[in-house]
Q: 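Sharing a structure below in structure tokens format, with a few things to ask.
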2 protein chains.
Amino acid sequence: MYTIGKLSKKTGVTVRTLDYYDEIGLLQPQSTTEGGHRLYGEVEVFRLEQILSLKFLGFSLDKIQCILQEPSNSWEDAFGEQLIMVQEQKKHIEELEQSLRTILYTIQIEKEINWELVFGIMQLFQKKNNKIDTILNQYMSEEEKEKILSVNMDEDKMEIWVELINEIKENLHAAPESEIAQKLADRWIEGVVDMFGEDKEFLDHAWNAINEESDGVMFYPMTKDVVNFINEAMLIKEKRGGIKSETRS
Amino acid sequence: MYTIGKLSKKTGVTVRTLDYYDEIGLLQPQSTTEGGHRLYGEVEVFRLEQILSLKFLGFSLDKIQCILQEPSNSWEDAFGEQLIMVQEQKKHIEELEQSLRTILYTIQIEKEINWELVFGIMQLFQKKNNKIDTILNQYMSEEEKEKILSVNMDEDKMEIWVELINEIKENLHAAPESEIAQKLADRWIEGVVDMFGEDKEFLDHAWNAINEESDGVMFYPMTKDVVNFINEAMLIKEKRGGIKSETRS
DNA sequence: CTTGAATCAAACGTTACGTGCTGTTTTATA
DNA sequence: TATAAAACAGCACGTAACGTTTGATTCAAG
């Protein structure tokens with residue numbers, strides 16, 4: 001027999017919580033003393049552990065009460081539904097993460113927040129039909145889409161890109177044939193190859209997609225001006241010969 | 001100038017929500033009519049869109065109020081912190097998903113819920129030091145650990161395992177050299193190769209880990225009896241010669 | 001000027017408890 | 001066994017972000 005305080009210490013839940021569970025009828029004491037103090041037995045300890053487990057797994061107290069009352073028929077249903085709910089939450093959280101990353105890197109590039117971008121991201125996720133898919137489908141095969149979507153840059157790589165794009169933005173006025181423009185284009189190529197390898201066809205498709213949609217929010221922060229700058233520097237590079245890149249079909 | 005109803009229709013948020021935002025001072029009308037009806041201007045529309053975006057990104061109304069008041073100094077900090085929070089949530093949700101999956105499959109195998117397993121999973125996650133890591137370290141290299149942790153079975157594959165383990169449990173009495181035992185062992189091998197390939201060293205390490213820890217909850221539902229059954233069937237297979245598997249060192 | 005629609009203010013409900021508060025019961029010590 | 005200290009019961013308010021309801025007031029159209 002445990003008093004409410006002993007049970008609290010044994011299981012690590014607060015007295016108030018046990019109080020609350022008693023109040024809503026989720027976990028009631030086996031008996032009480034003459035004075036009205038609550039006493040819990042082993043059965044209640046086991047039930048409490050069940051409750052805590054189900055709570056950890058994300059069930060509401062309401063749901064817990066329901067499924068602990070039922071004679072054990074629909075465990076599979078309950079857990080199946082819960083798994084689906086959790087999967088949906090996970091998907092949503094991954095979208096959040098992606099959005100936050102994009103915005104964060106943009107802040108680092110532009111030194112201030114870009115509300116147009118933020119609003120754009122919102123729209124991207126509020127449209128039911130996945131706009132990203134639609135656009136990518138115009139330029140790439142299924143495998144290529146997989147490849148571009150599965151890229152996840154780590155902090156270090158992203159920092160390199162942020163720095164590069166920052167420098168490009170500072171030098172947009174530079175002539176395509178200038179040394180600085182050529183060096184920036186070299187670094188761009190280096191970064192692209194590092195991310196996607198040297199698959200020329202894939203790179204061309206990706207480049208086309210970026211070129212056509214770079215005013216939108218999808219490929220942020222590769223904006224039109226940045227893409228144009230690199231594009232022209234690349235053309236010069238080709239004319240001078242020797243470089244394999246073949247942007248623009 | 002929008003009345004509260006027009007603004008509601010324009011932006012899709014309910015009147016009550018705008019009411020609430022006014023109440024807590026998050027979004028207040030530009031002016032009011034003589035009768036006390038609220039009027040919102042374009043500035044307020046923009047601010048509302050900011051609010052909705054930040055809310056979508058997971059900020060609390062409190063935080064939103066703070067960061068919209070500040071003169072724009074610490075956007076980077078705010079989004080950085082938010083990203084970290086979201087990443088923690090994601091990690092937690094992935095643990096949930098894994099737990100739910102394990103329990104769900106176990107329900108399907110045992111036709112009822114196994115509370116010892118559930119409690120075991122709780123303990124596994126409540127211990128601060130990751131017990132999984134400790135155990136795997138005893139048997140496997142870093143790369144091998146990566147390999148075994150990165151396995152994610154889809155519904156179909158899991159169903160095959162569930163079925164196989166169910167059949168094994170039904171036939172635990174069968175002699176290791178019986179035809180049925182041998183066939184089950186064959187299917188086991190087939191499944192393992194499908195998941196991890198034929199890397200013999202890796203399979204041996206994994207088999208050792210499972211053998212030593214199969215009374216715990218880690219490799220559920222590969223319990224001791226199931227593992228022993230397969231183990232003995234394998235030994236027979238070896239004696240009869242020809243099969244490459246070399247379980248037990 | 002009269003409707004009917006829109007709006008306002010206020011209050012209570014939601015989840016899963018935390019944080020007090022007062023008054024009573026139990027336990028430990030003298 | 002008396003008394004102090006600890007534990008306990010029970011109540012009530014607070015949290016976040018609104019939903020829901022009610023009744024009174026104001027606006028816009030005819």
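Letters A, B, ... mirror the listed sequences (proteins, then strands); counts begin at 1.
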Q: List the residues meeting salt bridge (Lys or Arg N to Asp or Glu O under 4.0 Å) with A/Glu44, not counting sequence neighbours, and say none if there are none.
A: none
Q: Pairing donors with acceptors under 3.5 angstrom, does anything connect the side chains of A/Ser74 and A/Glu70?
A: yes
Q: List in chain and number order the residues that pass side chain to side chain donor-acceptor pair (under 3.5 Å) with A/Gln69, two or more places apart in sequence or in another chain; answer none if no residue qualifies.
A: none
Q: Salt bridge (charged side-chain N to carboxylate O under 4.0 Å, His left out): which pairs involve residues 51-60 of chain B, sequence neighbours left out?
A: none
Q: Identify all side-chain donor-acceptor contacts of residues 12-20 of chain A below 3.5 Å with residues at least two apart in sequence or on another chain.
A:
| from | atom 1 | to | atom 2 | distance (Å) |
| --- | --- | --- | --- | --- |
| A/Thr14 | OG1 | A/Thr17 | N | 3.1 |
| A/Thr14 | OG1 | A/Thr17 | OG1 | 2.7 |
| A/Asp19 | OD1 | A/Arg38 | NH1 | 3.0 |
| A/Asp19 | OD1 | A/Arg38 | NH2 | 3.2 |

Q: Can you give the first and last nucleotides of DNA chain C, 5' to 3', that have an atom under 4.0 Å from a heavy atom of chain A?
A: C/dA16 to C/dT26
Q: Quick one: side chain to side chain donor-acceptor pair (under 3.5 Å) partners of B/Glu34, sequence neighbours excluded?
A: none
Q: Return the set of residues passing salt bridge (Lys or Arg N to Asp or Glu O under 4.0 Å) with B/Glu142 (not counting sequence neighbours), or none when no residue passes.
A: B/Lys145
Q: Quick check on the helix from C/dC1-D/dG30 to C/dA30-D/dT1: what's the angle between its two end axes, five base pairs per end, to the nearest 10°?
A: 20°
Q: Could you work out, with side chain to side chain donor-acceptor pair (under 3.5 Å) as the rule, every residue matching B/Ser60, not counting sequence neighbours?
A: none
Q: Could you tell me which residues satisfy side chain to side chain donor-acceptor pair (under 3.5 Å) with B/His37, sequence neighbours excluded, listed by chain and number?
A: none
Q: Run the ring-ring contact (aromatic ring centres under 6.0 Å, His included) test against A/Phe59 and tell me which residues pass, sequence neighbours left out.
A: A/Phe79
Q: Where along nucleotides 3-17 of chain D does protein come under 4.0 Å, by heavy atom, of base (B) or sugar-phosphate alone (S), with - for untouched nucleotides?
A: -----SS--B----B
